[in-house]
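What follows is a set of notes on a single structure, which appears directly below.
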Amino acid sequence: MQVCVLYHQDGEYSRLTEEFVAELANHTDKKISLLNVDGQEGRRKAELYDIVDYPATLVIADDGSLHNYWQGSTLPTISDVVSWLNV
């Protein structure tokens, strides 16, 4: 399992999103990717999983399937994300 967080690096919620990812990293040993959707890799990931609202937090299985996601300005709680990582 891994977590991918998509956001606009220069957007309204960029600092909040970066702080969320840093805090999440303190609670799990799983891979966490922070991708700018204005970049090629972030845009590709958003298109692949049909994400249209940012920031978006994705929990992705090792086979690439999407287990859960949250979109929009209300970030999930750390415990919500960690509980999905332990599935």
Side-chain angles (χ1 to χ4, degrees):
M1 290 280 195
Q2 66 174 307
V3 176
C4 180
V5 180
L6 304 171
Y7 78 127
H8 289 285
Q9 188 172 11
D10 296 323
E12 181 180 357
Y13 301 104
S14 62
R15 183 168 183 219
L16 180 66
T17 303
E18 291 164 355
E19 290 171 354
F20 169 76
V21 169
E23 182 66 22
L24 182 59
N26 290 329
H27 287 85
T28 184
D29 60 349
K30 304 293 185 182
K31 180 181 174 189
I32 302 171
S33 301
L34 178 62
L35 298 175
N36 180 5
V37 294
D38 297 321
Q40 185 177 18
E41 186 178 358
R43 188 171 35 255
R44 184 180 56 79
K45 197 75 95 167
E47 289 172 1
L48 176 65
Y49 295 109
D50 198 27
I51 302 299
V52 296
D53 200 9
Y54 307 100
T57 305
L58 315 174
V59 177
I60 303 169
D62 293 335
D63 66 2
S65 63
L66 186 62
H67 275 250
N68 200 7
Y69 68 98
W70 299 264
Q71 291 187 83
S73 60
T74 304
L75 292 167
T77 65
I78 298 295
S79 60
D80 282 344
V81 177
V82 170
S83 69
W84 275 98
L85 290 173
N86 296 324
V87 170

Would you check if V59 and W70 make a side-chain contact, meaning some heavy-atom pair closer than 4.5 Å? yes
Indicate the atoms forming the closest heavy-atom contact of Y54 with A46, along with that distance. OH-CB, 3.3 Å
Just how far is it from atom CG of D50 to atom CD of Q71, taken to the nearest 0.5 Å? 8.0 Å
To the nearest 0.5 Å, what is the distance between CG on D62 and CE on M1? 7.5 Å
Starting at OH of Y7, measure out to CZ of F20 and round the result to the nearest 0.5 Å. 13.5 Å
Applying a strict under-4.5 Å side-chain criterion to I, L, V, M, F, W and Y, I'd like to know whether L35 and L48 cluster together. yes
Taking only residues two or more places apart in sequence or in another chain, which ones pass salt bridge (Lys or Arg N to Asp or Glu O under 4.0 Å) with E19? R15
A quick test of your reading: do over 12 heavy atoms of other residues, nucleotides or ligands sit less than 6.0 Å from OH of Y69? no
Give me the atom names and distance for the closest heavy-atom approach of S73 to P55. CA-CD, 4.1 Å
What about I32 and L16, same hydrophobic cluster or not, with Ile/Leu/Val/Met/Phe/Trp/Tyr joined at side-chain heavy-atom distances under 4.5 Å? yes
Is there a continuous path of hydrophobic side-chain contacts, each under 4.5 Å between heavy atoms, that joins I51 to V37? yes
For the atom pair CD (E23) and OG1 (T28), what is the distance rounded to the nearest 0.5 Å? 12.5 Å
Within the distance-only criterion (no hydrogens, no angle test), does the side chain of T17 pair as donor or acceptor with the backbone N or O of Y13 below 3.5 angstrom? yes
Do W84 and V5 sit in the same hydrophobic cluster, where Ile, Leu, Val, Met, Phe, Trp and Tyr count as joined when their side-chain heavy atoms come under 4.5 Å apart? yes
Linking I/L/V/M/F/W/Y whenever their side-chain heavy atoms sit closer than 4.5 Å, directly or via other members, would V81 and L6 fall into one cluster? no
Could you tell me if the side chain of E18 sits less than 4.5 Å from the side chain of L34, heavy atoms only? yes
So, Q9 versus N36: side-chain donor-acceptor pair below 3.5 Å or not? yes
Rounded to the nearest 0.5 Å, what separation is found between the CG atom of L24 and the CG atom of L85? 7.0 Å
In this structure, CG of D38 is separated from CZ of R43 (nearest 0.5 Å) by 7.5 Å
